[in-house]
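The next block holds one structure in the form of structure tokens; read it before the comments.
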Amino acid sequence: MPQYNHRETEQKWRKRWAETKLYQTDLGAGAKQAGLYRTDLGSSVEKVQDRPKYYNLVMFPYPSGDKLHIGHWYNYGPADTWGRYMRMKGFNVFQPMGYDAFGLPAENHAIKTGIHPDESTRKNTATMTEQLGRIGTMYDWEKTLDTSRPEYYRWTQWLFLQMFKNGLAYKKVASVNFCPNDQTVLANEQAQDGTCERCGAQVIQKPLNQWFWKITSYAQRLIDGLDTLAWPEKTKLMQRNWIGRSEGAEVRFEIEGSKEVITVFTTRVDTLFSAAFVVLAPEHPLVDTITAESEKKSVIKYREQAAKKTELQRTDLAKEKTGIFTGAFAVNPANGEKIPVWVADFVLAQYGHGAVFGDAHDERDFEFAKKYKISLKTTIQPADGSDDADIRSLKVCFGDDGILYDSGDFSGLTSAEARKKIAAWLGEKEKGNPVVNFRLRDWLLSRQRYWGAPIPIVYDPDGKPHPVPEEHLPWLLPTDVEFKPKGESPLTYSKEFAARTEKIFGKGWTPEYDTMDTFVCSSFYYLRYLMTGAEGGEKNFVEPRMEKKWMPVDMYIGGPEHACMHLIYARFVMMVLKDFGFVSHDEPFQRLVHQGLITNKGVKMSKSKGNVVSPDDFVDTYGSDVFRMYLMFMGPFTEGGDWSDKGITGVARFVERFYLLMSSDGKSGEEKVTDEPAMKRNLHATIKRVTEDMKKMQFNTAIAALMEFVNGCHKTGINREAKKLATMLISPLAPHLAEELWEIMGEKFSIVDQPWPGYDPSFLVTDTMTLAVQVNGKVRGELEVATGIQEDEIFAQASIIENVARHMEGKTPVKKIYVPGKLVSFVVK
RNA sequence: GCCGGGGUGGCGAAGCUGGUAGACGCGCAAGACUUAAAAUCUUGUGGUAGCAAUACCGCGCGGGUUCGACCCCCGCCCCCGGCACCA
């Protein structure tokens, strides 16, 4: 029968925390005064808001109807442990929580059940708030937010207006995946292999006029800023690759018998003399103008076929490349040769200029030319002088850098030299120039969906877009819509929306019917937490003093799956806001940590796979502290792992043992110390280890250290002081348990406002030490010596250890090595 | 294909800048308590041989550097994640 009643205890403390508003942060800087918290740091009493700030943020969840799953706990438990640790380290920690509430699942739910997304979302957020409380987190719920509420999305819309005003928002035609059967737009993931995820019908490409934000203008800054961030290198690398900076050159090819010029981008301008053909993307505007009369029919047909393909089909690497000759010829600006112009869908319209030149020194071009019998020639040979007969005879493709030949004045140069010189030469002739290109594309934010923030744009009777003036924000999402898809954006069917627009702007005016990508909502929420409930929070996007004080976020914790979406968008938006003068920082998230993924039998848990493990039963049986600690004990926080309930009993036993040892009425709780120095050494070594592990977020080894401490105390006994310090050490990990023990010890509420314990190194010093003794690198014995002993003496003592002596017998000593405090090593021959 | 991160007992995992591999926990085994079981406590627990001292083997595989390698170097294999016709 366990002594520690987790159910009662945990409930009791959660109630107390809420009642005393223990986790409400005074943001200062003009914020509403939230009551002053006192804390004993040494003898002085300080105001919490005078402490250095620490913005501890965790990525906010999407409020789905399912309960909190293990992934949530794995994310929020340790993140909270970190916040608690930082609070005890003396920081004024701000730890808010909210909901990323707009999005597809609520809308799909509405289509199925007819329940309005607003209703289901509110229900879900209420349940989730309750459940998040169970984790024992110190969220400041007074500053919560919900992106689907008008008081929030007015700022989403405000942001759009800022972008529009500053020329960073524009409209252009882009295709969406459309299911003609379901009459709805599909996300790329829903249109895998070209069929609709739901009904299996053939997905078509529908061109629509959509809104974009010019994130590409910030490509270079987004790369440069990464150097200033304490982020995982992996994540930075992923962003760098995503943005995809590449240095190269533009080359202009004139078209024979036409005034048109094709501009191509290349990173291998050193191969220009071998250019054998030019290829345009099917969408390239010049396809129409330059195609010869005789080829028109087939080119048009080819283009139509390409247009039908989804992006996934277009980019399927396995498929064989196809293309068609336009009948036109381009002139190679390097040597005046005439080369054919083709159209092929392996060329991407969105990258570079949607046109490339092909030659023998590129694997893809090589194959394409072979397939369509385009004649090639080589102009690069391997730099190492190896036999290149196969290359010259076009048996194999040589795609590496090398030495140029048959390249006019540039023959003999290395590829690297030639790239610079040829680009410069083209510049002089006005046939090209050096240029930097990025893979990053502009942010398409139009969504033909209902459950999102309406784009605050209206069109005059001529179809010209105008921003909705700020005084009309929030530009409310209408409620009189039919969720069942009918082929158009759902807002098209709202009578109220149309009427409202005409009433405000005049007859013939129409609203924009699309809503915004939910990544817009989450691109600035970290700023809005600062204003929720603050004075002027409804009128100011962010108060400058507040932003200056609290930004950037000191620690941001969330999944690595956001590396190239949310984490780039948020950075972009922050930079833009800085340029517009609303914030003072360039970067929103100073430090970033990704929690690992918890899988079930090696696969990601998901509702559709039906392999989700619910935390509830475990929390009921063992308590919240045990469950969150078990998740941390399983392994390193950043690595995640495969779920298994094996071993949770170990943590449960530990909690029980800890409770018994620390609570004075427990059977092993008598304040009897049988070995004071050993106990003190154990205590201070534990403080040291736990502190170091916490700092590195290695919660698993921190818990192990506390387990060892308890094991040690069963031998040495423990006194009151040690109990207090150990309870402080465990409090970020098991907050309810620690609070309870703190009270049992008669200490003042709350333990979270205690300073983090420091250790005294003098207790760690021992008078003897154990050294390993090696002969030729193999351990042959152990030696216990006094700490201050001379090196000579160590060697002397070590060499007479029986087993050591035996292994050295009859051999010549070569070398003696002493690693202080660790080992002695003899080398013999 | 390219770019990251990993492969350590039966299992989850530790292991500081090259210095006693396997801390801590699960599981298992034996013992104590109990009429018994559970719970709890104690002890043991990488493999092989041995009563033992001890020896040999052992961190994906094969080489190398070193007195000494999970750690560094070279060449492979496998798993996970990301990107993927970016010219």
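Basis for what follows: all heavy atoms, side chains included, without hydrogens, waters or symmetry-related copies. Naming convention: chains lettered A, B, ... in sequence-line order (proteins, then strands); numbering from 1 in each chain. Keep in mind the model is a prediction, meaning the values are calculated, not measured.
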Nearest-nucleotide wise, let me know which of A:F357 and A:D693 is further upstream toward the 5' end of RNA chain B.
-> A:D693
Residues which pass side chain to side chain donor-acceptor pair (under 3.5 Å) with A:R439, listed by chain and number, not counting sequence neighbours = none
Taken in chain and number order and not counting sequence neighbours, the residues that satisfy ring-ring contact (aromatic ring centres under 6.0 Å, His included) with A:F633 are none
Atom pairs under 3.5 Å: protein N/O with N/O of nucleotides 10-13 of chain B:
from   : atom 1 : to     : atom 2 : distance (Å)
B:rG12 : O2'    : A:M634 : O      : 2.6

Under 6.0 Å between ring centres, would you say that holds for A:F277 and A:Y372?
-> no
Base, sugar-phosphate, or nothing for A:L823, non-hydrogen atoms under 4.0 angstrom?
-> base
Side chain of A:V356: nearest nucleotide among B:rG15, B:rA87, B:rC24?
-> B:rA87
At under 4.0 Å, does any side-chain N or O of A:R657 touch on OP1 or OP2 of B:rC41?
-> yes
Which class fits the ring pair A:F325 and A:W342: parallel under 30°, tilted 30 to 60°, perpendicular over 60°?
-> tilted
Identify, with sequence neighbours excluded, every residue that meets side-chain contact (heavy atoms from CB on, under 4.5 Å) alongside A:H361.
-> A:T271, A:S274, A:D359, A:T378, A:T379, A:I380, A:F398
NA contact type, A:D362, heavy-atom cut-off 4.0 Å: base, sugar-phosphate, or nothing?
-> nothing
Any donor-acceptor N/O pair under 3.5 Å between B:rG19 base and A:Q774 side chain = yes
Touch class at under 4.0 angstrom, heavy-atom based, for A:V347 against every strand present = base
When the distance from CD1 of A:I801 to P of B:rU20 is rounded to whole Å, what number comes out?
-> 16 Å
Check the angle between the aromatic planes of A:H562 and A:F519 and answer parallel, tilted or perpendicular using the 30° and 60° thresholds.
-> perpendicular
At under 4.0 Å between heavy atoms, what does A:K234 touch on the DNA or RNA strands: base, sugar-phosphate, or nothing?
-> sugar-phosphate
With sequence neighbours left out, the residues meeting side-chain contact (heavy atoms from CB on, under 4.5 Å) with A:A334 are A:L272, A:F273, A:N332, A:W425
Roughly, in whole Å, what's the span from NE2 in A:H594 to P in B:rG5?
-> 14 Å
A:K371: salt bridge (charged side-chain N to carboxylate O under 4.0 Å, His left out) partners, not counting sequence neighbours = A:E320
Integer-rounded Å distance: B:rC41 C1' and A:K715 NZ = 13 Å
For A:M679, all residues meeting side-chain contact (heavy atoms from CB on, under 4.5 Å), sequence neighbours excluded = A:V673, A:T716, A:N719, A:A722
Grab the CG-C1' distance between A:L597 and B:rG5 for me, whole Å please.
-> 14 Å
For RNA chain B, what residues of residues 240-253 of chain A have any heavy atom nearer than 4.0 Å?
-> A:W242, A:S246
Just call it for A:T649: base, sugar-phosphate, or nothing, with non-hydrogen atoms closer than 4.0 Å on any strand.
-> sugar-phosphate
Could you state the interatomic distance from CD1 (A:I687) to CG (A:L729), rounded to the nearest 0.5 Å?
-> 5.5 Å
Whether A:Y4 and A:Y659 hold their rings parallel, tilted or perpendicular, with breakpoints at 30° and 60° = tilted
Looking at side-chain heavy atoms only, is the closest gap between A:I568 and A:Q239 below 4.5 Å?
-> yes
Summarise how protein sits on nucleotides 44-60 of chain B as a single string, 5' to 3': B when a protein heavy atom is under 4.0 Å from the base, S for sugar-phosphate-only contact, - for no contact.
-> ----------SSSS---
Return the set of residues passing side chain to side chain donor-acceptor pair (under 3.5 Å) with A:D617 (not counting sequence neighbours), or none when no residue passes.
-> none
Assign each of A:T267 and A:M238 to its nearest nucleotide of RNA chain B by heavy atoms, then name whichever residue's nucleotide is nearer the 5' end.
-> A:M238
Using atom P of each nucleotide, how far apart are B:rG31 and B:rA38 to the nearest Å?
-> 13 Å
Contact class for A:E692 (heavy atom, under 4.0 Å): base, sugar-phosphate, or nothing?
-> nothing
Whole Å only: how far is the CG atom of A:L440 from the P atom of B:rC83?
-> 14 Å
Considering only NZ, NE, NH1 and NH2 on the basic side and carboxylate oxygens on the acidic side, decide whether A:R7 and A:D620 come within less than 4.0 Å.
-> no
Are any of A:R653's side-chain N or O atoms less than 4.0 Å away from OP1 or OP2 of B:rC26?
-> yes
Which is true for A:N711 with a 4.0 Å heavy-atom rule: it touches a base, it touches only sugar-phosphate, or it touches nothing?
-> sugar-phosphate
Note on RNA chain B: ranges paired as stems (three or more Watson-Crick/G-U pairs in a row, both atom distances under 3.5 Å) are B:1-7 with B:77-83, B:10-12 with B:24-26, B:27-32 with B:40-45, B:46-49 with B:54-57, B:60-64 with B:72-76
Looking at residues at least two apart in the chain, or sitting in another chain, which of them share a side-chain contact (heavy atoms from CB on, under 4.5 Å) with A:I794?
-> A:L771, A:L783, A:I789, A:Y818, A:V824
